[in-house]
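Let me begin by presenting the structure, written as structure tokens, before commenting on it.
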Amino acid sequence: MTRMAEGLLAAHLAGKGWSFGFDRAVRRAGACHHAERRITLSRHLAARADEDEVRQVLLHEVAHALAGHRAAHGPRWRARAEAIGYTGSRLHDHPIAEDRATWIGSCPAGHEHRRFRRPSREVSCGLCSRRFSRASLITWRSAESSRG
Ligand SMILES: [Zn+2]
Ligand SMILES: [Zn+2]
């Protein structure tokens with residue numbers, strides 16, 4: 001399994017700094033950790049699924065890596081996934097997703113910012129204003145519900 005996974009990463013994500021590993025997830029098959037550039041596969045899945053199923057799970061996650069975090073399961077992700085051979089197996093849905101960037105903020109102009117913790121003070125957008133500006137306050141939301 002590891003060899004196949006590493007082969008897929010080499011084929012589609014070569015030179016982009018992505019790595020592969022296993023995780024202990026029970027409720028989802030795979031995950032794409034954008035902040036860490038890491039694709040993981042459930043050990044539980046690897047132990048019971050056949051190679052074609054595992055390949056599909058990996059392609060699903062590789063497509064997330066290619067499409068970017070914000071694409072979620074939208075058309076951009078779908079196009080990438082189909083281009084690399086993802087057909088949509090029964091393992092398509094993975095309800096949980098971990099992304100270590102827990103908080104996503106956006107300013108009124110739409111610039112996106114990420115933090116591992118919710119900032120304790122008000123933060124204004126450094127792209128909009130070099131000094132603190134109430135007009136450019138960033139509002140934060142938890143990214144815990146984002147897809148992996
Ligand atoms: Zn801004
Ligand atoms: Zn997904």
Side-chain angles (χ1 to χ4, degrees), residues 1 4-6 8-9 11-13 16-46 48-116 118-148:
M1 295 292 184
M4 179 178 72
E6 287 175 346
L8 283 176
L9 262 67
H12 300 295
L13 296 166
K16 294 181 178 167
W18 286 79
S19 64
F20 168 77
F22 289 97
D23 64 42
R24 296 170 182 280
V26 190
R27 287 161 57 203
R28 57 150 173 74
C32 178
H33 309 268
H34 293 270
E36 296 169 349
R37 292 184 176 262
R38 189 164 175 80
I39 286 172
T40 55
L41 182 70
S42 162
R43 275 188 200 288
H44 303 281
L45 175 89
R48 64 178 155 71
D50 66 32
E51 196 166 306
D52 282 345
E53 283 176 317
V54 170
R55 175 182 292 273
Q56 285 294 307
V57 170
L58 290 167
L59 288 172
H60 180 119
E61 304 305 339
V62 166
H64 278 308
L66 290 168
H69 184 255
R70 297 183 69 174
H73 292 119
R76 199 151 57 98
W77 170 81
R78 170 61 60 182
R80 290 289 199 168
E82 285 173 357
I84 61 176
Y86 179 67
T87 55
S89 73
R90 64 190 171 83
L91 296 161
H92 169 74
D93 288 323
H94 47 174
I96 317 171
E98 291 101 312
D99 191 278
R100 292 294 188 84
T102 313
W103 292 90
I104 298 174
S106 49
C107 75
H111 298 124
E112 188 172 283
H113 303 266
R114 280 165 187 270
R115 293 285 188 281
F116 292 99
R118 185 182 192 122
S120 54
R121 289 177 297 171
E122 293 187 318
V123 182
S124 70
C125 178
L127 297 168
C128 289
S129 170
R130 299 186 63 173
R131 293 187 205 159
F132 180 82
S133 161
R134 295 204 69 84
S136 303
L137 276 185
I138 295 171
T139 52
W140 300 95
R141 67 182 189 277
S142 169
E144 276 167 357
S145 61
S146 66
R147 264 86 50 185

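Counting starts at 1 for both ligands and their atoms, in listed order.
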Could you confirm whether H73 has any N/O/S atom lying under 2.8 Å from the Zn ion (ligand 2)?
yes

Minimum heavy-atom distance between [X] and [Y], given as atom pair plus value:
X    : Y    : answer
E122 : F132 : O-CE1, 3.6 Å
L41  : A46  : CD2-CB, 4.1 Å
A49  : M1   : O-CE, 3.8 Å

Test of understanding: with side chain to side chain contact (heavy atoms under 4.5 Å, CB included), list the residues that count as partners of P108, not counting sequence neighbours.
none

Qualifying residues under side chain to side chain contact (heavy atoms under 4.5 Å, CB included), relative to A63, sequence neighbours excluded:
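Side chain to side chain contact (heavy atoms under 4.5 Å, CB included) list for A63, sorted by chain: W77, R80, A81, I84.
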
Taking side chain to side chain donor-acceptor pair (under 3.5 Å) as the definition, give me every residue that meets it alongside T40, ordered by chain and number, with sequence neighbours left out.
D23, H33

Name, closest N/O/S atom of H60 to the Zn ion (ligand 2):
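Atom name of the closest N, O or S in H60: NE2.
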
If you leave out waters, which protein N, O or S atoms are less than 2.8 Å from the Zn ion (ligand 1)?
C107 SG, H111 ND1, C125 SG, C128 SG

H69 and R114: side chain donor to acceptor below 3.5 Å:
yes

